[in-house]
Every structure is written in structure tokens, then in C-alpha cells.
Asks: 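First, the structure itself, so that you have it in front of you.
Remember, it's 1-based here, ligands and their atoms both numbered in the order they're listed. As the structure is a computational prediction, the values presented were derived from the model and not from experiment.
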Amino acid sequence: MPAYKRILLKLSGEALMGDDAYGINRATIVRMVREIQEVTQLGCEVAVVIGGGNIFRGVAGGSVGMDRATADYMGMLATVMNALALADTMRQEGMTARVMSAISIDQVVEPYVRPKALQYLEEGKVVVFAGGTGNPFFTTDTAAALRGAEMGAQIMLKATKVDGVYTADPKKDPSATRYPTLTFDEAIIKNLQVLDATAFALCRDQKLPLKVFSIFKPGALKRVVMGGDEGTLVHV
Ligand code: UDP
């Protein structure tokens, strides 16, 4: 039995990039989708918020000096591309997925409608939330906290390159150790940047626990969902 019935998985755009400089790496996205499929087969309801960093990287040079809000809208559009790629790969792997966007691009994706999203989850479909929060000056981590709270997810899972929150940067300091658990207050006191301030405040206020783990470790998502000692749990 999975430890969580409904999860909100935040995937950064980088999770789809593999070793490429930017964009979507085919083998990587397939592997990512199979990891998600495994947890749906355990009976988990899965909502995904996807970032856009991998695509935005390709145009980052051109955005230098650009108005922040405009660049942010470009970033939101990048998340829509990732969401489409993710849902299409899910379809190819035999899963049923729906993309819902916070910015309306009606010909391409359906708009985010909360009751409909809840219905999809209840039907066992994977819902991929695109377009972040639909507002500039926010991040997809904040979108993940927001949608996680709206969907009544039991936990937000933040997939990163590192397998948890460490006492120091493990790449620079080999003696750094991983925190198995932390409270939100401890994370503030220790000045650990687990999420941006807006996302962090939302999770803490809504009592939405957060698990930080590495999606690059094969089987890690399943271990997290089964309640295994994987990554770092940040809780109230
Ligand atoms: N973005 C935004 N509002 C949101 C979510 C995202 O403006 O609610 C923009 C912002 O420019 C951000 C980009 O979309 O940099 C991609 O999101 P993010 O950087 O969070 O993606 P990730 O780094 O996780 O791939």
C-alpha cells in the first residue's frame, strides 16, 4: 500500500533534459514517465506540475534585458511545451493523462478548472498542470504548492538533482549529511533554501508536507511513495 493516496509531483524542466544542454531528451522523458507509471499502478493519484527551465535555457540569451513579466510569460509557455511532451509520452506508455493550463491556449490545452482536475484524479488520470500559476513573478514551485493544496494532495514531492536537503552542499563538502526529516521552522532557522519563499510559506501555512528527493535515482519515486527512507521530509 502506498503511504500517500494523492501526490503532487513537481518536476523541474531539467528533469526532462538528461545530459543535453537544453530541450527534451527522449530517453529521459520516457524514463521519467515510467517512474510515474509505477506509482499510479500502486494506486496513487498523481498530479504533476512541470517547470520550464530546460526549454527556457534555449532562449535565455535572447531574454537578457527583457521586461521581467514578458520573460516570465515566455517561461510559462515553456512549461506548456513540457506538459504536452510529458502527456504525449504518457499516452504512448499506455497511461491516461490530461494537461490543464493556467494560461489559456484553448486550441492546444484545456484551461485549469479545479473541479475537473479533481474529477480526473478521482478517475485515475494523471493531471499535468502547465503554465505555472498563470502569473509572472512566481515559480513553478509555487504553482506546485498551490495546486497541491487545491487538489488536497497529502504531500508535495519536489524532484531535484540532489537526493534531499543536506547540511551543506554535498558537491563542495564531502562530510555533508542528509536530513531525513526537518520542520519548516528548522529549515528557516538553518537558512536551508528548500523552496522559494512564496512556495515555502504556502506549504507551511496549508500544512502540506514536502519531500525533496532525486528523480534521477532509479526507483526513488516509488520508494518515496511507499514511505521509504528516501530524500528529506519537511513537515509542520
Ligand atoms: N513562471 C512564471 N509564473 C509561474 C511559474 C513559472 O512566471 O507561476 C515562469 C518563470 O519565468 C520561470 C519559468 O516560468 O522562471 C519556468 O519555471 P521554473 O523556473 O519554476 O521552472 P524549473 O526551473 O522548475 O524548470
Asks: Out of curiosity, Met17 CE to Met32 CE, how far, rounded to the nearest 0.5 Å?
Replies: 11.0 Å

Asks: Start with the C-alpha gap between Arg31 and Glu35, add the side-chain angles, then the distance that decides, and say whether salt bridge (charged side-chain N to carboxylate O under 4.0 Å, His left out) holds.
Replies: CA-CA 6 Å; Arg31 198 177 68 71; Glu35 298 266 338; 3.4 Å; yes

Asks: Just to confirm my output: which protein heavy-atom neighbour is closest to atom 13 (C) of ligand 1, and how far is it?
Replies: Gly75 CA, 3.7 Å

Asks: Please could you name the atoms of ligand 1 that Gly53 approaches to less than 4.0 Å, counting only its heavy atoms?
Replies: 21 (O), 22 (P), 25 (O)

Asks: For Asp19, does the CG atom sit with more than 12 other heavy atoms under 6.0 Å from it, leaving out its own atoms?
Replies: no

Asks: Considering only non-hydrogen protein atoms, determine which one is nearest to atom 6 (C) of ligand 1 and report residue, atom name and distance to 0.1 Å.
Replies: Phe138 O, 3.6 Å

Asks: Please determine whether a side-chain nitrogen of the Lys or Arg among Arg178 and Asp229 lies less than 4.0 Å from a carboxylate oxygen of the Asp or Glu.
Replies: yes

Asks: Among all protein heavy atoms, pick the one closest to atom 21 (O) of ligand 1 and tell me residue, atom and distance.
Replies: Gly52 N, 3.1 Å

Asks: Can you check atom 15 (O) of ligand 1: any protein non-hydrogen atom closer than 4.0 Å?
Replies: no

Asks: Applying the side chain to side chain donor-acceptor pair (under 3.5 Å) criterion to Lys10, which one of Thr160, Thr142, Asp141 satisfies it?
Replies: Asp141

Asks: Would you give the length of the straight line joining atom CG of Leu42 to atom CE of Met226, rounded to the nearest 0.5 angstrom?
Replies: 5.5 Å

Asks: Against heavy atoms of Gly51, which atoms of ligand 1 measure under 4.0 Å?
Replies: 21 (O), 22 (P), 24 (O), 25 (O)

Asks: Return the closest protein heavy atom for atom 5 (C) of ligand 1 as residue, atom name and distance.
Replies: Thr139 C, 3.4 Å

Asks: Heavy atom of Thr142 under 4.0 Å from ligand 1?
Replies: no

Asks: Indicate whether atom 19 (O) of ligand 1 is within a distance of less than 4.0 angstrom of some protein heavy atom.
Replies: no

Asks: Side chain to side chain contact (heavy atoms under 4.5 Å, CB included) between Asn54 and Phe56: does it pass, once the steps are laid out?
Replies: CA-CA 6 Å; Asn54 58 319; Phe56 200 73; over 6 Å; no

Asks: Using a cut-off of 6.0 Å, state whether more than 12 heavy atoms not belonging to Lys217 lie near its atom NZ.
Replies: yes

Asks: With heavy atoms of Gly132 as the reference, note each atom of ligand 1 found under 4.0 Å away.
Replies: 4 (C), 5 (C), 8 (O)

Asks: Please determine if Glu230 and Lys211 form a salt bridge, counting it only when a charged side-chain N lies under 4.0 Å from a carboxylate O.
Replies: no

Asks: Just which atoms of ligand 1 are under 4.0 Å from any heavy atom in Pro136?
Replies: 7 (O)

Asks: Protein heavy atom under 4.0 angstrom of atom 10 (C) of ligand 1, is there one?
Replies: yes

Asks: Of all the non-hydrogen atoms in the protein, which one sits nearest to atom 17 (O) of ligand 1, and at what distance?
Replies: Thr140 CG2, 3.6 Å

Asks: Any idea which protein heavy atom is nearest atom 7 (O) of ligand 1, and the distance to it?
Replies: Asp72 CB, 3.1 Å

Asks: Is it true that Lys10 lies under 4.0 Å from ligand 1, counting heavy atoms only?
Replies: yes

Asks: Residue-level breakdown please: for Ser12 versus ligand 1, do any non-hydrogen atoms fall below 4.0 Å on the side chain, on the backbone, on both, or on neither?
Replies: both

Asks: Determine, using heavy atoms of Ala78 and all atoms of ligand 1, whether some pair is separated by less than 4.0 Å.
Replies: no

Asks: Under 6.0 Å from the OH atom of Tyr166, do we count more than 12 heavy atoms belonging to anything else shown?
Replies: yes

Asks: Give a yes/no verdict on a cation-pi contact between Arg147 and Tyr112, requiring under 6.0 Å between NZ or CZ and the six-membered ring centre and an angle within 45° of the axis.
Replies: yes

Asks: Evaluate the criterion side chain to side chain contact (heavy atoms under 4.5 Å, CB included) for residue pair Leu195 and Arg204; output intermediate values, then yes/no.
Replies: CA-CA 11 Å; Leu195 289 174; Arg204 191 185 53 179; over 6 Å; no

Asks: Can you name the atoms of ligand 1, numbered from 1 with element, that are less than 4.0 Å from a heavy atom of Thr133?
Replies: 4 (C), 8 (O)

Asks: Would you mind running through ligand 1 and noting each atom that sits below 4.0 Å from a heavy atom of Asn135?
Replies: 2 (C), 3 (N), 4 (C), 7 (O), 8 (O)

